Amino acid sequence: METILITGGSGTIGMQLSDQLTAIGYSVRHLSRSVKGNEKYLTFKWDLTSNYVDPAALEHVDHIIHLAGENVGDGRWTTARKKRILSSRVDTANLILKSLKGKRLKSFISASGISYYGSKTTPSIYKESDELGHDFLAEVSVSWENAAARFKSVTDRVVALRTGVVLSKEGGALSKMATPIKWGIGSPLGSGNQYIPWLHLDDICGMYCKAVQDENVSGVYNAVASEHVTNKGFTKQIAAVLSKRLWAPKVPAFLLRLLFGEMSIIILEGSRIDNQKIKDAGYVFKFDQLTDALKDIYS
Ligand SMILES: NC(=O)c1ccc[n+]([C@@H]2O[C@H](COP(=O)([O-])OP(=O)(O)OC[C@H]3O[C@@H](n4cnc5c(N)ncnc54)[C@H](OP(=O)(O)O)[C@@H]3O)[C@@H](O)[C@H]2O)c1
């Protein structure tokens with residue numbers, strides 16, 4: 001049985017992914033900033049500030065999945081938060097690599113973001129070979145992927161999944177969008193014309209499973225579903241699935257900028273993202289159309 005260590009395994013993706021990996025026969029353990037002792041999965045402690053990783057966490061590990069990262073959408077990007085957003089992804093990866101002391105892995109698989117291409121609304125449909133964007137999250141994504149690439153010194157296979165907005169039952173971006181709609185005061189944000197590249201939680205977990213299992217999967221992949229939906233379209237589809245009426249005017253962009261500062265860029269901007277590469281690799285989506293994903297989540 002192969003062993004997989006997941007950093008940030010206690011989060012939304014990590015918990016479901018752990019269940020899926022266990023179901024297909026892997027032994028899963030987590031690396032976390034806090035260990036209470038009653039975790040569902042064997043959990044080891046690490047602490048970035050003291051450069052500590054419990055050495056037992058890395059014993060007999062075949063694959064590492066790097067999901068750890070300070071939440072990006074949970075508040076204004078103060079200087080301190082920006083530092084944490086970057087270092088919780090990049091310095092943590094560097095710390096693991098150092099702690100491995102040359103121990104070989106079968107693969108190192110890291111999260112990354114579609115924000116690699118920059119948060120902007122353009123007619124482009126971005127492919128993996130397209131250029132890096134020029135804003136804070138684009139810089140975070142490239143540093144994150146560069147940190148992952150350094151694992152080439154200990155494995156033949158490094159994978160990065162440039163992930164869109166993950167839709168799930170609890171928490172995350174979807175509940176932030178759906179809550180005002182449930183209250184009957186939902187409306188598109190800003191122009192409403194910005195795209196929201198998305199995928200269902202089952203699919204992002206399915207892609208991580210594929211990346212672990214398929215030795216031909218290597219390099220960078222966009223992790224988004226096929227249907228391209230704007231903020232306006234998204235809002236309408238959520239309202240339809242929840243049988244709610246939309247009547248309120250669009251939330252003006254200036255108000256969101258005032259409320260969220262620089263972070264508002266991820267709400268107000270977005271382009272389409274191409275997913276042909278992961279499909280060509282053989283990944284078959286469970287939810288490729290937004291209505292099906294929303295119906296599954298709200299059923
Ligand atoms: N969900 C999405 O829509 C989405 C979209 C694009 C990319 N991603 C990326 O995919 C990864 C997993 O996403 P998720 O939705 O599962 O995230 P999540 O629910 O926020 O979980 C992330 C985990 O990272 C750890 N963490 C949080 N802050 C940290 C810090 N300052 N230093 C070190 N570890 C920290 C936490 O684990 P412990 O408390 O146990 O340490 C947390 O459970 C993240 O890197 C995220 O940026 C997610």
Side-chain angles (χ1 to χ4, degrees), residues 5-20 28-54 57 64-75 78 80-96 109-117 119 136-138 140-141 143-145 147-148 159-177 196-205 207-208 211 220-225 234 263 266-267 270 273 293 297:
L5 176 68
I6 307 183
T7 74
S10 63
T12 310
I13 296 174
M15 284 310 290
Q16 173 152 334
L17 175 59
S18 300
D19 292 347
Q20 287 186 211
V28 173
R29 54 174 82 156
H30 290 173
L31 203 50
S32 172
R33 291 164 301 165
S34 64
V35 181
K36 294 184 190 78
N38 59 351
E39 287 82 4
K40 182 171 179 188
Y41 290 95
L42 180 62
T43 302
F44 297 92
K45 190 170 163 61
W46 65 341
D47 177 30
L48 189 58
T49 48
S50 58
N51 280 326
Y52 173 75
V53 179
D54 184 338
I64 295 181
I65 299 180
H66 181 42
L67 298 181
E70 174 95 6
N71 195 299
V72 166
D74 258 3
T78 59
R81 246 176 73 72
K82 276 181 158 181
K83 247 176 132 174
R84 282 203 305 275
I85 287 171
L86 182 68
S87 92
S88 60
R89 291 170 169 81
V90 176
D91 297 342
T92 49
N94 293 339
L95 174 61
I96 298 172
I109 303 164
S110 179
S112 178
I114 47 143
S115 37
Y116 178 93
Y117 306 103
S119 303
F136 167 63
L137 280 191
V140 170
S141 298
S143 303
W144 203 357
E145 290 182 14
V159 181
L161 296 181
R162 289 182 185 156
T163 311
V165 173
V166 175
L167 308 183
S168 67
K169 277 195 178 70
E170 280 141 38
L174 181 60
S175 68
K176 284 185 186 142
M177 288 181 79
I196 304 182
W198 64 275
L199 80 169
H200 191 291
L201 179 62
D202 287 358
D203 280 313
I204 188 64
C205 294
M207 286 180 200
Y208 278 106
V220 173
Y221 295 83
N222 290 336
V224 296
F234 222 105
M263 199 265 273
I266 59 173
I267 303 169
I273 305 290
I297 288 167

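What you are looking at is a predicted structure, and each value in this text was computed from that prediction instead of being measured. Only this structure's heavy atoms are used, side chains among them; waters, hydrogens and symmetry mates stay out. In each ligand, atom 1 is the first atom listed, and ligand 1 is the first ligand listed.
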- Item | Sub-4.0 Å atoms of ligand 1 with respect to non-hydrogen atoms of Ser112 | 7 (C)
- Task: Note the single closest protein heavy atom to atom 38 (P) of ligand 1, along with its residue, its atom name and the distance in Å.
- Result: Ser10 OG, 3.4 Å
- Query: Do any non-hydrogen protein atoms sit less than 4.0 Å from atom 17 (O) of ligand 1?
  - Reply: no
- Give the residue, atom name and distance (to 0.1 Å) of the protein heavy atom nearest atom 45 (O) of ligand 1. Leu67 O, 2.9 Å
- Which residue, Ile204, Asp203, Ile297, forms the side chain to side chain contact (heavy atoms under 4.5 Å, CB included) with Leu167? Ile297
- Residue part near ligand 1, for Trp144, under 4.0 Å between non-hydrogen atoms: side chain
- Query: Hey, is the main chain of Glu70 close enough, under 3.5 Å, to the side chain of Ser88 for a donor-acceptor pair?
  - Reply: yes
- Message: Using modelled atom types and a 3.5 Å cut-off, is there a donor and acceptor pairing between side-chain atoms of Trp144 and backbone atoms of Ala111?
- Response: yes
- Note on the structure: The closest protein heavy-atom partner of atom 19 (O) of ligand 1 is Thr12 N, 2.9 Å
- Look up atom CD in Gln16 and atom CG in Leu201, then write down how far apart they are to the nearest 0.5 Å. 4.0 Å
- Nearest neighbour in protein (non-hydrogen) for atom 26 (N) of ligand 1: Arg33 NH2, 3.5 Å
- Looking at atom 20 (O) of ligand 1, what's its closest protein heavy atom, distance included? Asn71 ND2, 3.9 Å
- Below 4.0 Å from any atom of ligand 1, is there a heavy atom belonging to Gly171? no
- Task: Quick one: sort the Tyr41 and His30 rings into parallel, tilted or perpendicular, breaks at 30° and 60°.
- Result: tilted
- Query: Between Arg162 and Glu145, does at least one N-O distance fall below 4.0 Å, as a salt bridge requires?
  - Reply: yes
- re atom 47 (O) of ligand 1, the protein heavy-atom contact at minimum distance is Arg89 NH2, 2.7 Å
- Message: Can you tell me if Ser115 contacts ligand 1 (heavy atom of the residue under 4.0 Å from the ligand)?
- Response: no
- Item | Side-chain ion pair, Lys83 and Asp91, N-O less than 4.0 Å | no
- Does ligand 1 have any atom that is closer than 4.0 Å to a heavy atom of His30? no
- Task: Please verify whether a non-hydrogen atom of Trp198 lies at under 4.0 Å from ligand 1.
- Result: no
- Item | Within 45° cone and under 6.0 Å: Lys82 NZ/CZ vs Phe136 ring | yes
- Closest protein heavy atom to atom 24 (O) of ligand 1, given as residue, atom name and distance to 0.1 Å: Gly69 N, 3.2 Å
- Task: Provide, to 0.1 Å, the distance between atom 21 (O) of ligand 1 and the closest protein heavy atom, together with that atom's residue and name.
- Result: Gly11 CA, 3.3 Å
- Message: Do the side chains of Asp74 and Arg81 get close enough for a salt bridge, i.e. N-O under 4.0 angstrom?
- Response: no
